[in-house]
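Take a look at the structure below.
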Amino acid sequence: MTLGVFDTLRISSSGLSAERLRMDTIASNVANVNTTRTESGGPYVRKIAVFEENLKAAKDKSSFNGNGVKVSAIVDDTSDLKTMYDPTHPDADENGYVAMPNVNILNEMADLIASSRAYEANTTVISTTKNMYLKALEIGK
């Protein structure tokens, strides 16, 4: 298994793109933490970015066939919606309860930190790879 000259950069850049989309999804969740009415009629439902390997066809079984990561889908979180008692709220039911989004700010912040760390790791890989190629070019002079 050998990596080509640009495979490392391609893999890390795919990670950057995927983590950026994950951060955008988290930002959407945080922005809608109190949204009780959406276009579909109910409260906002938390979104989750699902990653998968981005594989390319290998010529033989012994060669490297990875091509980084990609976001395969953005799915709705299936956890229960929260309810809050507020009979004055315009979206309250006949008992005074309002269906609230299933967004937990603490979980979103933890996911955001993990995503930013992964983004940072990928930028470090790109920077280190670039420096390594520059040193190799200096040796070749």
Side-chain angles (χ1 to χ4, degrees), residues 1-93 95-141:
M1 174 175 108
T2 59
L3 291 176
V5 174
F6 295 107
D7 286 339
T8 306
L9 297 174
R10 183 175 40 254
I11 291 168
S12 290
S13 66
S14 73
L16 290 174
S17 296
E19 291 299 339
R20 181 198 48 78
L21 184 58
R22 181 178 173 199
M23 285 187 224
D24 289 345
T25 305
I26 293 167
S28 175
N29 291 339
V30 170
N32 288 293
V33 71
N34 291 318
T35 303
T36 58
R37 188 181 312 160
T38 60
E39 292 176 1
S40 61
Y44 178 81
V45 177
R46 179 178 183 251
K47 309 288 187 247
I48 303 170
V50 179
F51 291 4
E52 73 177 21
E53 292 178 80
N54 191 10
L55 300 174
K56 60 182 176 183
K59 292 181 179 142
D60 60 17
K61 300 260 186 211
S62 64
S63 68
F64 179 74
N65 66 351
N67 203 19
V69 67
K70 66 180 177 180
V71 176
S72 61
I74 296 178
V75 298
D76 290 342
D77 186 356
T78 58
S79 64
D80 293 334
L81 297 172
K82 297 184 255 177
T83 56
M84 178 179 74
Y85 183 73
D86 184 3
T88 62
H89 195 283
D91 292 327
D93 63 11
N95 297 323
Y97 287 96
V98 181
M100 299 296 289
N102 57 350
V103 176
N104 182 332
I105 288 292
L106 296 177
N107 289 345
E108 298 303 321
M109 292 310 294
D111 287 348
L112 184 61
I113 290 169
S115 183
S116 67
R117 296 281 190 246
Y119 193 92
E120 183 180 352
N122 280 302
T123 58
T124 301
V125 168
I126 289 172
S127 177
T128 302
T129 302
K130 180 189 78 161
N131 290 336
M132 193 170 56
Y133 291 147
L134 288 173
K135 290 293 181 186
L137 288 172
E138 285 178 18
I139 291 171
K141 284 184 182 179

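Just so it is clear, the values below take in all heavy atoms, side chains as well, and ignore hydrogens, waters and symmetry mates.
A donor-acceptor contact shorter than 3.5 Å is absent between the side chain of Thr128 and the backbone of Val125. Side-chain N or O atoms of Ser28 include none that pairs as donor or acceptor with a backbone N or O of Asp24 at under 3.5 Å. With hydrogens and angles disregarded, no donor-acceptor distance shorter than 3.5 Å links the side chain of Asn95 to the backbone of Tyr97. Side-chain atoms of Lys82 never come within 3.5 Å of backbone atoms of Val98 as a donor-acceptor pair (strictly under, hydrogens ignored). Between the side chain of Asn54 and the main chain of Gly68, no donor-acceptor pair closer than 3.5 Å is present. A donor-acceptor contact shorter than 3.5 Å links the side chain of Ser13 to the backbone of Leu9. For the pair Thr36 (side chain) and Met100 (backbone), a donor-acceptor distance under 3.5 Å is absent. Side-chain N or O atoms of Asn102 include one that pairs as donor or acceptor with a backbone N or O of Ser79 at under 3.5 Å.
Distance OH/Tyr85 to CG/Asp93: 10.0 Å, rounded to 0.5 Å. Annotation: the span from Lys130 atom NZ to Thr8 atom OG1 amounts to 15.0 Å, rounded to 0.5 Å. Asn131 CG to Glu138 CD: the interatomic distance, rounded to the nearest 0.5 Å, is 9.5 Å.
Heavy-atom minimum distance, Ala18 versus Val69: CB-CG1, 3.9 Å. Across all non-hydrogen atoms, the minimal contact from Pro101 to Pro43 is N-CB, 4.1 Å. Between Ser115 and Met23, the closest heavy-atom pair is OG-CG, 3.3 Å. Between Tyr44 and Leu81 the shortest heavy-atom distance is O-CD2, 4.1 Å.
Side-chain contact check for Arg22 versus Thr25: every heavy-atom pair is 4.5 Å or farther apart. Considering only heavy atoms from C-beta on, Leu16 comes within 4.5 Å of Ile126 through its side chain.
In this structure, Asp76 pairs ionically with Lys47, as a charged nitrogen and a carboxylate oxygen lie closer than 4.0 Å.
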With side chain to side chain contact (heavy atoms under 4.5 Å, CB included) as the criterion, how do Leu106 and Met109 come out once you've worked through the C-alpha distance, each side chain's angles and the decisive distance to 0.1 Å? CA-CA 5 Å; Leu106 296 177; Met109 292 310 294; 5.8 Å; no
Going through the checks in order, is the side chain to side chain contact (heavy atoms under 4.5 Å, CB included) test met by Ile74 and Leu21? CA-CA 9 Å; Ile74 296 178; Leu21 184 58; 4.2 Å; yes
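Between Asn122 and the choices Ser14, Ser12, Ser127, the side-chain contact (heavy atoms from CB on, under 4.5 Å) rule is met once, by Ser12.
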